[in-house]
There are 4 protein chains.
Amino acid sequence: MTGRGRPRRADVDEGVLRAAIELLLERGYAGLSPDEVAERAGVAKTTLYRRWPTKDHLAVAVVARLQDDDEITDSGDIRRDLPAYLEKIAAGLNRMRGAGRTGDDPSAGTVAELVAAAARHPDVGALERDVYARRNALAHALLERAVERGELRADLDVEALFDQLTGALYYRVLITGLPVGRAYAERLVDTALRGAAREKE
Amino acid sequence: MTGRGRPRRADVDEGVLRAAIELLLERGYAGLSPDEVAERAGVAKTTLYRRWPTKDHLAVAVVARLQDDDEITDSGDIRRDLPAYLEKIAAGLNRMRGAGRTGDDPSAGTVAELVAAAARHPDVGALERDVYARRNALAHALLERAVERGELRADLDVEALFDQLTGALYYRVLITGLPVGRAYAERLVDTALRGAAREKE
Amino acid sequence: MTGRGRPRRADVDEGVLRAAIELLLERGYAGLSPDEVAERAGVAKTTLYRRWPTKDHLAVAVVARLQDDDEITDSGDIRRDLPAYLEKIAAGLNRMRGAGRTGDDPSAGTVAELVAAAARHPDVGALERDVYARRNALAHALLERAVERGELRADLDVEALFDQLTGALYYRVLITGLPVGRAYAERLVDTALRGAAREKE
Amino acid sequence: MTGRGRPRRADVDEGVLRAAIELLLERGYAGLSPDEVAERAGVAKTTLYRRWPTKDHLAVAVVARLQDDDEITDSGDIRRDLPAYLEKIAAGLNRMRGAGRTGDDPSAGTVAELVAAAARHPDVGALERDVYARRNALAHALLERAVERGELRADLDVEALFDQLTGALYYRVLITGLPVGRAYAERLVDTALRGAAREKE
DNA sequence: AGCTAATCGAGACGGTACGTCTAGTCTTAAA
DNA sequence: TTTAAGACTAGACGTACCGTCTCGATTAGCT
């Protein structure tokens with residue numbers, strides 16, 4: 001077998017992503033310029049574009065990186081774990097909320113920009129959905145274990161429940177512009193677990 | 001004194017908005033180019049910019065126009081009205097989903113772009129939040145009447161419930177990319193009303 | 001008739017060409033960067049590209065400008081006017097010779113680059129040939145008047161003669177790399193007028 | 001001691017030059033991309049660059065190869081040999097004229113590119129001038145023999161004459177864009193030998 | 001046979017110029 | 001003062017190209 005060519009530098013991904021995260025948080029999506037990312041990472045633009053063919057690809061890679069750092073803990077008490085998990089998601093959103101802000105705009109434009117970026121390219125969208133699928137799978141498992149333990153209803157629509165909880169956070173951040181935090185997470189969990197219908201006496 | 005000089009053409013707003021809606025649905029947010037909107041509407045760019053100082057302003061105006069067509073019905077049975085209302089929202093989202101799509105990308109990038117657009121300008125954001133606030137107020141009222149009628153719990157966190165229902169739709173469309181429709185709306189309402197916790201025996 | 005839009009700024013051509021000439025002479029063809037020309041001229045890049053769609057177009061415009069400054073004088077004595085004219089051409093070539101030189105390279109790369117630039121685009125090539133055609137027409141006229149006056153042979157091949165004289169200058173500058181100046185111009189004229197064949201006695 | 005390490009493959013030079021000639025004639029100077037030359041020759045870029053440190057070096061090597069095939073014949077009749085020689089040069093130029101042409105551009109950009117290439121690197125320039133010097137030496141010798149034989153004036157400025165003849169060809173091809181061939185060569189020789197001045201009666 | 005040193009193949013990398021694209025402003029003449 | 005038309009500003013973005021570097025795999029001569 002002949003040589004396979006010069007191998008890719010392993011530290012490039014690391015350095016570029018770090019620089020990109022920095023820039024994204026500093027200046028928001030508009031400020032995430034490939035030129036400057038490359039410069040900060042000490043890498044040629046061509047190298048950057050070889051791995052992320054578009055600014056959007058890079059941006060979504062950043063999200064994936066940030067997302068994958070999140071973990072989930074299962075204490076056996078769903079009423080404790082669920083708010084904790086939601087709070088983590090909220091923290092991520094809040095972090096984006098501060099990104100590149102100049103005034104006092106309460107909405108999280110950067111999150112929206114990233115979703116939009118993903119949607120602009122079929123391949124990126126697929127990648128992004130994978131990232132979220134990984135996260136969601138963990139949460140689904142958490143909920144199912146609670147079902148098995150008898151903490152939650154046996155015929156629970158786990159997917160619907162999870163969408164409701166997470167979705168509420170996103171909706172509030174993206175659309176309503178209201179704050180999300182521990183307190184809100186607990187309200188959500190409480191409302192979802194108890195149910196809205198008047199209890200049968 | 002006002003009323004000096006040539007008066008504004010009255011039909012411009014209408015024509016431009018129509019052209020903008022067309023373009024937005026045809027080609028998505030990126031395809032909504034001010035130049036082309038102006039051309040389609042048979043109007044000079046100057047004229048357009050005098051009324052909407054930014055592409056983003058125009059875009060949100062388009063959404064407002066689309067949104068305000070939605071109505072809400074109160075039959076007195078919350079288990080019927082709620083899914084109907086969610087379905088309307090879903091229909092709006094699905095419409096955006098088709099905007100400017102070439103392949104089979106399931107996500108609704110255009111919605112995200114619009115949110116991002118709103119976040120880029122404080123006034124646009126405020127305007128957009130108003131649009132949503134109007135819609136939400138109707139839904140809140142609907143829910144509160146159901147509480148008063150005794151269909152829903154007296155101590156219900158109406159805001160949290162509403163966020164969960166609507167948020168789930170947005171989350172699914174924006175992030176997960178899965179379909180939303182009548183069936184999903186019913187799953188949501190069912191899950192939310194019954195509650196996730198195991199029923200006390 | 002409706003308005004014809006904002007007219008082109010008249011001073012742009014002037015400013016850009018001046019900046020381009022400066023840069024070309026300072027740093028040679030490679031240093032003639034559209035970005036920098038635009039900056040020096042205080043003009044946006046798009047404006048520049050609207051008029052010269054390519055760096056090559058710009059470069060050739062520069063040559064045209066330089067060339068058209070040359071004039072031709074007709075004193076009635078062809079043995080005086082011809083060397084003078086050739087000297088002017090030589091001066092232009094020598095000016096280019098200094099352009100962007102770092103070391104002691106004797107050849108006139110910039111001239112060659114400009115010819116190459118013209119050849120890369122059919123439209124530019126045509127334009128450039130026009131420029132030269134103008135110059136050549138003047139010289140041809142000069143020679144023909146000398147024929148009429150009886151200074152030159154009645155059956156002279158004016159075109160061939162002119163090509164020989166001018167061509168020798170270009171050849172020397174481009175290929176041989178030897179100096180061209182007044183003395184050389186006179187050698188050329190002398191050789192050409194007397195003829196190479198042994199005189200019939 | 002030399003001779004250590006793996007020896008260079010002997011057939012590389014040949015193959016690369018052949019590929020380079022092909023490409024140059026097919027697509028002109030711009031199409032002479034080192035990457036593609038290497039690929040066509042079945043050679044790694046490294047290998048290519050070890051021998052020709054620059055695309056320009058390679059290009060000039062190609063020209064040298066093409067040029068050195070030219071020969072010169074001395075029949076003893078300068079009025080026959082000179083046009084023949086010029087025709088050969090013209091043939092070389094015309095060959096370049098076709099290089100990389102798409103439309104009907106009459107100028108020989110490739111020749112200019114090569115001159116420019118030579119001017120970009122002192123060593124390449126020197127090399128190229130050597131190539132031309134060899135050719136010119138032959139022509140000079142031819143002319144001097146004609147002087148000795150009494151066919152040409154004893155005090156002839158051989159250099160000037162040669163520059164005029166060859167230069168006219170280059171000027172026509174590079175600048176004017178007009179055709180060069182046998183007929184033109186004869187016009188040149190005729191004009192140069194007879195002289196332009198009116199013959200003394 | 002093993003060691004040494006240079007070449008080869010493949011392809012990533014660096015650097016930089018070039019041209020495109022898009023949003024929004026400005027300048028005319030006409031209405 | 002608005003409208004139409006279109007030139008203008010500003011800057012990000014991605015591409016193209018050349019030449020360098022880094023691997024692993026060869027291929028010789030020397031010991």
Side-chain angles (χ1 to χ4, degrees), chain A residues 1-10 12 30-36 38-39 42-56, chain B residues 2-9 12 30-36 38-39 42-58, chain C residues 1-10 12 30-36 38-39 42-56, chain D residues 1-9 12 30 32-36 38-39 42-58:
Chain A
M1 183 145 311
T2 62
R4 297 175 323 290
R6 174 175 177 174
R8 290 201 173 179
R9 271 179 54 191
V12 164
L32 183 72
S33 118
D35 268 66
E36 188 159 358
E39 193 192 327
V43 151
K45 229 193 336 174
T46 36
T47 300
L48 191 156
Y49 274 102
R50 187 173 302 113
R51 304 182 187 214
W52 300 277
T54 283
K55 165 174 169 171
D56 288 336
Chain B
T2 69
R4 273 295 198 120
R6 174 172 174 175
R8 288 198 177 180
R9 271 179 51 194
V12 164
L32 184 72
S33 114
D35 271 66
E36 189 159 358
E39 194 192 326
V43 152
K45 246 197 316 178
T46 327
T47 305
L48 190 158
Y49 273 103
R50 190 170 295 115
R51 299 169 198 225
W52 297 277
T54 281
K55 163 173 170 172
D56 288 337
H57 287 77
L58 176 59
Chain C
M1 182 142 312
T2 62
R4 296 174 326 287
R6 174 174 177 176
R8 292 201 171 179
R9 270 179 54 194
V12 164
L32 182 72
S33 119
D35 268 66
E36 189 159 357
E39 195 193 326
V43 152
K45 234 197 325 177
T46 33
T47 299
L48 190 156
Y49 274 102
R50 187 172 303 113
R51 306 180 185 214
W52 300 277
T54 284
K55 166 173 168 170
D56 287 337
Chain D
M1 193 101 333
T2 70
R4 231 36 135 90
R6 174 174 176 174
R8 291 196 176 177
R9 270 179 54 194
V12 164
L32 185 73
S33 115
D35 271 67
E36 189 159 358
E39 195 193 324
V43 152
K45 244 198 316 179
T46 327
T47 305
L48 190 159
Y49 272 102
R50 191 171 295 113
R51 302 172 196 224
W52 298 276
T54 282
K55 165 174 169 170
D56 288 337
H57 287 76
L58 176 60

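Proteins come first, then strands; the chains are lettered A, B, ... in the order of their sequence lines, and each starts at number 1. Side chains are part of it too, since the values below use all heavy atoms of this structure and drop only hydrogens, waters and symmetry mates.
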- Message: Pick the closest DNA chain F nucleotide for D:Pro7 and for C:Thr47 by heavy atoms, then say which residue is nearer the 5' end.
- Response: C:Thr47
Contact class for [X] (heavy atom, under 4.0 Å): base, sugar-phosphate, or nothing?
X: C:Thr46; value: base
X: D:Gly42; value: sugar-phosphate
X: A:Arg50; value: base

Value in whole Å for how far the [atom2] atom of [N] lies from [atom1] of [X]:
X: B:Glu36; N: F:dG6; atom1: CD; atom2: C1'; answer: 17 Å
X: A:Asp35; N: E:dG15; atom1: CG; atom2: P; answer: 13 Å
X: C:Asp56; N: F:dA16; atom1: CG; atom2: C1'; answer: 15 Å
X: D:Leu32; N: F:dG19; atom1: CG; atom2: C1'; answer: 14 Å
X: A:Glu39; N: E:dT16; atom1: CD; atom2: P; answer: 11 Å
X: A:Leu48; N: F:dT15; atom1: CG; atom2: P; answer: 12 Å
X: D:Arg8; N: E:dA5; atom1: CZ; atom2: P; answer: 18 Å
X: D:Arg4; N: E:dG2; atom1: CZ; atom2: C1'; answer: 13 Å

- Query: Atom CG of D:Leu48 and atom NE2 of D:His57: how far apart are they, to the nearest 0.5 Å?
  - Reply: 12.5 Å
- Nearest 0.5 Å please: distance from the CZ atom of A:Arg51 over to the OG1 atom of A:Thr46. 11.0 Å
- Message: Using heavy-atom distances to pick each residue's nearest nucleotide on DNA chain E, tell me which of A:Arg9 and D:Ala44 is more 5'.
- Response: D:Ala44
- Message: Quick check: closest heavy atoms across B:Ala30 and B:Lys55, and the distance to 0.1 Å?
- Response: O-NZ, 4.0 Å
- Task: Provide the closest heavy-atom pair for B:Ala38 versus B:Ala44 in the form atom of the first, atom of the second, distance.
- Result: CB-C, 4.2 Å
- Task: May I ask you to evaluate whether C:Ser33 reaches the phosphate of E:dA17, defined as a side-chain N or O under 4.0 Å from OP1 or OP2?
- Result: no
- Could you tell me whether the phosphate oxygens of E:dA23, OP1 or OP2, come under 4.0 Å of any side-chain nitrogen or oxygen in B:Thr54? no
Side chain of [X], base of [N]: donor and acceptor closer than 3.5 Å?
X: C:Arg6; N: E:dC26; result: yes
X: B:Lys45; N: F:dT3; result: no
X: B:Lys55; N: E:dG24; result: no

- For atom CD of D:Glu36, decide whether the heavy atoms of other residues, nucleotides or ligands shown that lie under 6.0 angstrom number more than 12. yes
- Message: From C-beta outward on D:Arg51, which listed nucleotide comes closest to its side chain: E:dG9, F:dC8, E:dT7?
- Response: E:dT7
- Note on the structure: The nucleotide from E:dC13, E:dG19, F:dG19 with an atom nearest the side chain of C:Tyr49 is E:dG19
- At how many degrees, to 10°, do the end axes of the helix from E:dA1-F:dT31 to E:dA31-F:dT1 meet when each uses five pairs? 10°
- Message: With side chain to side chain contact (heavy atoms under 4.5 Å, CB included) as the criterion, how do A:Arg50 and A:Thr47 come out once you've worked through the C-alpha distance, each side chain's angles and the decisive distance to 0.1 Å?
- Response: CA-CA 5 Å; A:Arg50 187 173 302 113; A:Thr47 300; 4.1 Å; yes
